[in-house]
K.L.:
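Got a structure here, written out as structure tokens. Questions coming.
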Amino acid sequence: MTILNPLFFDRPADRVAHDLIGCCLNWTRSDDSHSRMITETEAYIGPHDLASHAARGRTKRTEVMFGEPGTLYLYFVYGMHWMLNVVTGPAGYPAAVLIRAVQDINGPARLTKAMALTGSLNGKQADEENGVWFTDDTRPPRTKVIRSARIGVEYAGPVWSLKPLRFSLRPAKIS
DNA sequence: ACGATGATGAAC
DNA sequence: TTCATCATCGTA
């Protein structure tokens, strides 16, 4: 098991989003370390992606999306929820992957709540020192990654809201 | 189906 | 400075 470094994230967001399924999200919270398999992600693939914050251009909020691959992008929505994203490459190109769910924690807002994450790590690298990092792992056998439309992005119009940029783990059938 | 709840960005 | 909108969730 190896720690995913910026090189892993220095690829198109949809490839990274796909490959993160089955990998582990790790975090430390008050001396306790946690590790859970990632089960659902979404790719926001560039400035032409009308569902991406980066479609509005470089603003104070989207600034970190233009940063180094492997940078954490945390933002606040709906007046109460934090979303956890990782910036993908290349540097200077605004794209990111939203971590929507890990094993036993479904939903991007519930995830950040469980991790006790807020905006303090926005713009920081995903590594052990910062307390949030990713590790390589392998998907359980008899499972596969399925693609579907992203959630909550209808404002982007039919073309972009329907693109299959949501990746999730389909569990093995219980026989 | 909808309200909570505040940051964001665009219009004025 | 106002305003609609929002990468959601819990309750109904």
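Per chain, numbering begins at 1; letters A, B, ... match sequence-line order.
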K.L.:
Does NZ or CZ of A:Arg15 lie under 6.0 Å from the centre of the six-membered ring of A:Phe9, at an angle within 45° of the ring axis?
P.N.:
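No, A:Arg15 and A:Phe9 do not form such a contact.
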
K.L.:
Could you tell me if the ring centre of A:Tyr75 sits under 6.0 Å from that of A:His53?
P.N.:
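They qualify: ring centres under 6.0 Å apart.
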
K.L.:
Inspect the contact between A:Glu42 and A:Arg100 and indicate whether a charged nitrogen and a carboxylate oxygen are less than 4.0 angstrom apart.
P.N.:
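Looking at A:Glu42 together with A:Arg100, the answer is yes, because their closest N to O distance falls below 4.0 Å.
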
K.L.:
Where the side chain of A:Tyr78 is defined as all heavy atoms beyond and including C-beta, which of B:dA7, C:dC6, C:dC9 is the nearest nucleotide?
P.N.:
C:dC6

K.L.:
Looking at B:dG9, I'd like to know if its phosphate oxygens (OP1 or OP2) sit under 4.0 Å from a side-chain N or O belonging to A:Arg61.
P.N.:
yes

K.L.:
Just one of A:Thr118, A:Leu84, A:Asn85 clears the side chain to side chain contact (heavy atoms under 4.5 Å, CB included) bar with A:Leu74, so which one?
P.N.:
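Result for side chain to side chain contact (heavy atoms under 4.5 Å, CB included) with A:Leu74: A:Leu84.
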
K.L.:
So, under a plain 3.5 Å distance rule, would you say the side chain of A:Tyr75 forms a donor-acceptor pair with the base of B:dA7?
P.N.:
no

K.L.:
Tell me the partner of C:dA7, counting only Watson-Crick (N1-N3 plus N6-O4 or O6-N4) or G-U wobble (N1-O2 and O6-N3) with both under 3.5 Å; none if nothing fits.
P.N.:
none

K.L.:
P atom, B:dC2 versus C:dT5: distance in rounded Å?
P.N.:
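These two P atoms come out 16 Å apart once rounded.
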
K.L.:
Atom CD of A:Glu154 to atom C1' of C:dT8: distance rounded to whole Å?
P.N.:
14 Å

K.L.:
Using Watson-Crick or G-U wobble geometry with both distances below 3.5 Å, tell me the partner of B:dT5, or none.
P.N.:
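Matched B:dT5 with nothing under the 3.5 Å cut-off.
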
K.L.:
Touch check for A:Met83, heavy atoms < 4.0 angstrom, all strands: base, sugar-phosphate only, or nothing?
P.N.:
sugar-phosphate

K.L.:
Which nucleotide, B:dG9, C:dC9, C:dA7, lies nearest any side-chain atom of A:Asn85?
P.N.:
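Between B:dG9, C:dC9, C:dA7, the one nearest the side chain of A:Asn85 would be C:dA7.
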
K.L.:
Expressed as a whole number of angstroms, how long is the span from A:Trp82:CH2 to B:dT8:P?
P.N.:
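Result: 8 Å.
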
K.L.:
Strictly below 4.0 Å, heavy-atom distances to any atom of DNA chain C: list the hits from residues 41-57 of chain A, or just say none.
P.N.:
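Going residue by residue through residues 41-57 of chain A, the ones with a heavy atom under 4.0 Å of DNA chain C turn out to be A:Tyr44, A:Ala51, A:His53.
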
K.L.:
Could you tell me how the ring of A:Trp82 sits relative to the ring of A:Phe76: parallel (under 30°), tilted (30 to 60°) or perpendicular (over 60°)?
P.N.:
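Judged by the thresholds at 30° and 60°, the geometry between A:Trp82 and A:Phe76 is tilted.
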
K.L.:
Under 4.0 Å: is that the gap between some side-chain N or O of A:Arg110 and OP1 or OP2 of C:dG10?
P.N.:
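Yes, because at least one side-chain N or O of A:Arg110 sits under 4.0 Å from OP1 or OP2 of C:dG10.
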
K.L.:
Nearest whole Å is fine: how far is B:dG9 P from A:Phe76 CZ?
P.N.:
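To the nearest whole Å, that distance equals 15 Å.
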
K.L.:
Look at the side-chain N and O atoms of A:Tyr155 and state whether any lies under 4.0 Å from the OP1 or OP2 oxygen of C:dA4.
P.N.:
no

K.L.:
Between A:Leu98 and A:Lys113, just flag the one whose closest nucleotide in DNA chain C comes earlier from the 5' side.
P.N.:
A:Leu98

K.L.:
Can we say A:Lys163 and A:Asp14 salt-bridge, meaning some charged N sits less than 4.0 Å from an Asp/Glu carboxylate O?
P.N.:
no

K.L.:
Could you tell me how far apart A:Leu162 (CG) and C:dA7 (C1') are, to the nearest whole angstrom?
P.N.:
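To the nearest whole Å, that distance equals 15 Å.
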
K.L.:
Between A:Asp137 and A:Cys24, is there a donor-acceptor pair closer than 3.5 Å when you use the side chain of the first and the backbone of the second?
P.N.:
no

K.L.:
Please state how far atom CG in A:Leu74 lies from atom P in B:dT8, giving the value in whole angstrom units.
P.N.:
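Nearest whole value for this atom pair: 13 Å.
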
K.L.:
Whole angstroms only, please: what is the NZ-P distance between A:Lys60 and B:dG9?
P.N.:
10 Å

